[in-house]
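Report on the following structure.
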Amino acid sequence: TGKRAFIAGIADDNGYGWAIAKSLAAAGAEILVGTWVPALNIFETSLRRGKFDESRKLPDGSLMEIAKVYPLDAVYDTPEDVPEEVKANKRYAGASNWTVKEVAETVKNDFGSIDILVHSLANGPEVTKPLLETSRKGYLAAISASSYSFISLLQHFLPIMNPGGATISLTYIASERIIPGYGGGMSSAKAALESDTRVLAYEAGRKGKIRVNTISAGPLGSRAAKAIGFIDRMIDYSFVNAPLQKELLADEVGNTAAFLVSPLASAITGSTIYVDNGLNTMGLAL
Ligand code: NAI
């Protein structure tokens, strides 16, 4: 309660970021959102027109309020990094101050500080290609959007995070076990994200008393997951084979995130926490 959260990676009401925002809002946090620039217009229009009102409902019946939506493209750290063709792209030209550094500055000007930073974004342009067929460009793009983006966000937000604050990112078990089809270097990107969670827990812990954890989530039919192509099979597989044979709800990931950023988890940092109905623990599914 009384905390302020910046959640990067919400562009609709289907993904983990939205569910985390709701759990944090239900616990009394003020919600700021970072939305990918090309998705900003439709997200804001849908919000304004009430398209998300049903899914904005919190357990007490009130509607989640988003204090402000910031355009963000987490693959660019400063304006100098933005290529001309992106600057000129009409989906970008209408927005401003959307590089990571500028967003952190704008949040500082608007609100002064934050307590909670959530990274719920990933992108791998060649995700449908096997690793063996992935180009250097595709691999580096996956790492840039899905792993370095977290380093950059923490780097730029740490100076405005109150001591005792916490960060969360979302990872996937393809980092440590073979998940055929999760290609394009996305498995590598998640491995980097998990390793970075440990190193950054040390660095941000010592530097700013900030905790850094990541949630290894089970499959959810989000927009990003549908782009991979086999999400329905993953959900069915999980339902059949996991210790808990039930649908995995985005809210269950949201609630875990709310716990992890709360004082209840004050000694947990550098951890990868599974929220997957236990699927990761299976050796052989029969
Ligand atoms: P989602 O589509 O709700 O979220 C991904 C978001 O990333 C989108 O809003 C997209 O606009 C944004 N994004 C992409 N590139 C960006 C950039 N350069 N700058 C800023 N934003 C950018 O999908 P989902 O699945 O909820 O993804 C959230 C996180 O959860 C991701 O890290 C994903 O890898 C992770 N995850 C998802 C699982 C699933 O089955 N859906 C399983 C395990 C982890």
Side-chain angles (χ1 to χ4, degrees), residues 6-22 33-44 46 52 55 69-77 81-82 86 91-92 95 98-100 103 118-125 127 141-150 152-153 168-177 179 181-182 184-194 197 214-238 247-254 256-257 272-277 279-280:
F6 181 85
I7 302 160
I10 300 181
D12 59 41
D13 59 350
N14 294 319
Y16 282 132
W18 178 269
I20 292 170
K22 278 181 73 176
V33 165
T35 299
W36 196 30
V37 186
L40 181 73
N41 254 333
I42 176 136
F43 179 62
E44 287 199 303
S46 303
F52 301 138
S55 44
V69 179
Y70 294 84
L72 167 70
D73 194 321
V75 304
Y76 303 113
D77 304 313
D81 298 331
V82 183
V86 174
R91 296 205 293 173
Y92 283 80
W98 42 258
T99 65
V100 175
V103 173
V118 178
H119 174 283
S120 182
L121 62 97
N123 196 15
V127 65
I143 295 275
S144 173
S146 312
S147 317
Y148 189 78
S149 56
F150 179 67
S152 179
L153 280 165
I168 288 290
S169 65
L170 275 301
T171 187
Y172 184 50
I173 194 166
S175 60
E176 45 177 330
R177 301 271 187 263
I179 308 287
Y182 196 77
M186 279 306 300
S187 57
S188 330
K190 291 306 193 189
L193 183 65
E194 290 172 25
T197 297
T214 189
I215 293 174
S216 187
L220 174 77
S222 64
R223 187 185 171 99
K226 282 178 180 143
I228 305 171
F230 60 104
I231 187 67
D232 292 334
R233 273 170 57 209
M234 311 276 286
I235 292 170
D236 292 345
Y237 179 92
S238 178
E247 185 187 354
L248 176 67
L249 303 175
D251 287 349
E252 295 176 296
V253 169
T256 304
T272 299
I273 307 288
Y274 297 93
V275 184
D276 65 348
N277 284 328
L279 184 63
N280 75 91

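Being a predicted model, the structure only gives us computed values, none of them experimental. Remember, it's 1-based here, ligands and their atoms both numbered in the order they're listed.
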Fill in the blank from the handout: For A21 and I10, the nearest pair of non-hydrogen atoms, with its separation, is CB-CD1, 3.9 Å
Exercise for the section: Could you list the atoms of ligand 1 found under 4.0 angstrom from a heavy atom of I231? Expected result: 40 (O)
Fill in the blank from the handout: ligand 1 to A225, heavy atom cutoff 4.0 Å, flagged ligand atoms 41 (N)
Problem - Any N14 heavy atom less than 4.0 Å to ligand 1 - result: no
Handout entry: Residue-ligand contact L193/ligand 1, heavy atom below 4.0 Å
Key = no
Handout entry: ligand 1 atoms in contact with L170 (distance to a heavy atom under 4.0 Å)
Key = 29 (C), 30 (O), 32 (O), 35 (C)
Handout entry: Close side-chain approach of Y182 and I228, heavy atoms under 4.5 Å
Key = yes
Completion exercise
Heavy-atom proximity to atom 13 (N) of ligand 1 ranks first, among V75, V33, L121, D276, for L121
Practice task
Tell me, please: is M186 in heavy-atom contact with ligand 1, that is, under 4.0 Å?
Solution key: no
Exercise for the section: Say whether G218 and ligand 1 are in contact under the criterion: heavy-atom distance to a ligand atom below 4.0 Å. Expected result: yes
Fill in the blank from the handout: One finds that the ligand 1 atoms under 4.0 Å from a non-hydrogen atom of G15 are 3 (O), 26 (O)
Problem - Check: N123 main-chain N/O paired with S146 side-chain donor or acceptor under 3.5 Å - result: yes
Problem - Side chain, backbone, both or neither: A145 near ligand 1, heavy atoms under 4.0 Å - result: neither
Practice task
Return yes when atom CG of D81 has more than 12 non-hydrogen atoms of other residues, nucleotides or ligands closer than 6.0 Å, and no otherwise.
Solution key: yes
Completion exercise
Any heavy atom of A11 under 4.0 Å from ligand 1? The part involved is both
Fill in the blank from the handout: Nearest heavy-atom approach of P71 to V103 is O-CG2, 3.4 Å
Practice task
Identify, by atom number and element, the atoms of ligand 1 in contact range of L220, meaning under 4.0 Å from any of its heavy atoms.
Solution key: 39 (C), 40 (O), 41 (N)
Practice task
Report, as yes or no, whether the 6.0 Å neighbourhood of atom CD1 on I42 holds more than 12 heavy atoms from other residues, nucleotides or ligands.
Solution key: no
Problem - Which segment of T35 sits under 4.0 Å of ligand 1 when only heavy atoms are counted - result: neither
Fill in the blank from the handout: d(I231 CD1, R223 CZ) to nearest 0.5 Å is 15.0 Å
Fill in the blank from the handout: Going by the 4.0 angstrom heavy-atom rule, the piece of H119 near ligand 1 is neither
Problem - Shortest heavy-atom approach to atom 14 (C) of ligand 1 - which of A217, A122, S175 - result: A122
Handout entry: Test item: K190 side-chain N/O and S216 main-chain N/O as donor-acceptor pair under 3.5 Å
Key = no
Handout entry: Interfacing atoms of ligand 1 (cut-off 4.0 Å, heavy-atom, G9)
Key = 4 (O), 6 (C), 9 (O)
Handout entry: Atom indices of ligand 1 within 4.0 angstrom of P219 heavy atoms, with elements
Key = 40 (O)
Practice task
For the residue pair F43 and F52, categorise the inter-ring angle as parallel (less than 30°), tilted (30 to 60°) or perpendicular (more than 60°).
Solution key: tilted
Fill in the blank from the handout: When rounded to the nearest 0.5 Å, the distance separating OH of Y172 from CG of N280 is 11.0 Å
Problem - A145 versus L121, closest heavy-atom pair with distance - result: O-CD1, 3.1 Å
Practice task
Taking only heavy atoms of T171 into account, list the atoms of ligand 1 that are under 4.0 Å away from them.
Solution key: 43 (C), 44 (C)
